[in-house]
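Here is the structure we will look at.
Labels below follow one simple rule: chain letters A, B, ... track the order of the sequence lines, proteins then strands, and each chain is numbered from 1.
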There are 2 protein chains.
Amino acid sequence: MNVRTLCLAILFAGEATGYEIKKLSTEGEYAYFVDASFGSIYPALDRLEREGFVTCRKEDEPGKPSRKVYAITDAGRAHFVDSLFDLPAPDVFRSEFLLVVMHADILPKPVMRRAIDHRIEQIEADIAKLRQIAQGNHKGGPQWAIDYGLDCMEHALGYLHAHRDELENCSDLGTASDPSQPGTSRHAARIAAE
Amino acid sequence: MNVRTLCLAILFAGEATGYEIKKLSTEGEYAYFVDASFGSIYPALDRLEREGFVTCRKEDEPGKPSRKVYAITDAGRAHFVDSLFDLPAPDVFRSEFLLVVMHADILPKPVMRRAIDHRIEQIEADIAKLRQIAQGNHKGGPQWAIDYGLDCMEHALGYLHAHRDELENCSDLGTASDPSQPGTSRHAARIAAE
DNA sequence: GTTAGCATGTAAACAGTTACATGATTGT
DNA sequence: ACAATCATGTAACTGTTTACATGCTAAC
C-alpha cells in the first residue's frame, strides 16, 4: 500500500495534519500499513488536495507553529471505500532476523544470542505498543485487528522463548571467531566489545 | 533488506544465475527477505561483480540459452558474514487485509467474507509452499526458520478460522450497498457481478 | 542552555518496478 | 499454433528516503 492510501485511510477516520499522519503511521494504529516519512506525506497530501480528495484548512494559533489540518471530501471517501472492495494484496512479512537465523550454524553463539534477545525485545515492544492502543475503547473491525495482532505476536514470542535453545545450539563451535573462515577479522573485535 | 544483500545471501549458499535468484526470491526459500524483479537483480549482480564480491562464468550449452553463472568470492563471503553480525533490522509486517478488517463495520458482509476467504487461501498457499521447501532435508538454522514460519502461519490460519464469524458480524447492516453513504454507486455493481 | 517536541516543506539521490526487446526450447 | 519456461538485459518512470532549511515552545 502506498502513502496516498494511508493518508486517505487516516483522514477517513478523522481530520489530521501531516505531522499527525506521520506519527500514526510510525507509532500508532496505522503502523501495520506503511511507515511513511515527511518527504512522502507532504507531497501526497498536496496531490490529494489538487485531485479533490481532501481539503485543507490552515490553523494559526498564536504561540504555536501554524498547522494545516486536512479533511477528507465525499469524493475522497468514495475513492477510499471503493478501494476496500478490491481483493486485498497479499500480506507482506520480511525478516532480517530470519536471515541471521538461517546462518546460525556459522555464527558464533554470542552473536546468535544477541540477535535473539534483540528480536524478543522488539516483539515485546510491539506488543506493549499494541496493548496501549487497545486501551482506547475500540469495537468491531478495529478491535478484531488489535486482537489478531496481539494473538499472533504473543504466539511468535512464545515460540522464540520455547525454542531459542535449539537455535543457540546450532552454533557451538567457536565462541568468538573461527579463523578458518575468511573475513572474520572484525568479528572477534565486535564480540569482545560487548 | 536490499537486492544486493539478497544476491549475496543466495550466492553464499551456492552458485546461481540471475534467473535462479529471481525464482528463489519470489517462490523459494528466500521469499522471507525480498521479492526482487529482473530489473533490480541484473544491475545488482553487475555492480557486485565490479566491486569484486562475485565472479561470473558464462555457460554456453548448445540448444540452450546462454547463462551467466555467478559465484561469491572470499571478499563477498566476508562482506556478507560481516553484515550478519549487525543487529538485524526489525521485522516488517504489512497487511492490506487488516486495513479492510479495520473497516469491516462499513463494508457489506459479502465483501468481508470474500476478503477473509481470499486471505485464508493465501495463507494456505504459503503454508503449502513452505511445506514443500521443508521436504528437502534441512538442518540447524534453516530448519529452525522453516519450523518457525510454519508455526506462525498455522497459528494465524487457526485464528482466522476461529474468529471469522465475529468479523463477519460486524457488518450486517446492508448486504449489498448502503445508499446513505456517498460513493457507493459502483459497489452494488461489483457485488452483483459475483 | 540544550534537548525534545511541534510543524512544514524541498531537492537530490536512490531503489525498485514496469514495460519493452530478444530469442531458443519444450510441451499441449 | 500457442503457451510456458528458460534466459538476459535496458530505459523510463515512480515512489520513497535522506538530508537540509526554518522556527517556535516547553521542559529539564
Under 4.0 angstrom between [X] side-chain N/O and [N] OP1 or OP2:
| X | N | value |
| --- | --- | --- |
| B:Thr17 | D:dA7 | no |
| B:Ser40 | C:dA15 | no |
| B:Ser66 | D:dA7 | no |
| B:Ser37 | C:dT18 | no |

Would you mind classifying the nucleic acid contact of [X] as base, sugar-phosphate or nothing, using non-hydrogen atoms under 4.0 angstrom?
| X | value |
| --- | --- |
| B:Lys23 | sugar-phosphate |
| B:Gly39 | base |
| A:Asp35 | sugar-phosphate |

Interatomic distance where [atom1] belongs to [X] and [atom2] belongs to [N] [whole Å]:
| X | N | atom1 | atom2 | result |
| --- | --- | --- | --- | --- |
| B:Arg47 | D:dG9 | CZ | P | 17 Å |
| A:Asp46 | D:dT16 | CG | P | 15 Å |
| B:Lys58 | D:dC6 | NZ | P | 20 Å |
| A:Tyr70 | C:dG9 | OH | P | 5 Å |
| A:Lys68 | C:dT10 | NZ | C1' | 13 Å |
| A:Tyr42 | D:dT17 | OH | P | 14 Å |
| A:Leu24 | C:dC6 | CG | P | 12 Å |
| B:Glu20 | D:dC6 | CD | P | 9 Å |

Value rounded to 0.5 Å, distance of NE2 in B:His138 from CD1 in B:Ile133: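 Taking NE2 in B:His138 and CD1 in B:Ile133, the distance rounds to 7.0 Å.
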Checking A:Thr5 side chain against A:Met1 main chain: does a donor-acceptor pair fall under 3.5 Å?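 No: the side chain of A:Thr5 does not pair with the backbone of A:Met1.
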Which of these nucleotides, C:dG16, D:dA7, C:dA7, is closest to any side-chain atom of B:Tyr19?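 Of all the options, the side chain of B:Tyr19 is nearest to D:dA7.
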Once you measure the plane-to-plane angle for A:Phe80 and A:Phe12, does it fall in the parallel (<30°), tilted (30-60°) or perpendicular (>60°) bin?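 The arrangement is tilted - the two ring planes meet at 30° to 60°.
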Could you label the plane-to-plane angle of the B:His155 and A:His155 rings as parallel, tilted or perpendicular, counting under 30° as parallel and over 60° as perpendicular? parallel
Can you confirm whether A:Tyr70 sits close enough to A:Cys7 that some side-chain heavy atom of one is under 4.5 Å from a side-chain heavy atom of the other?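 Sidechains of A:Cys7 and A:Tyr70: no contact.
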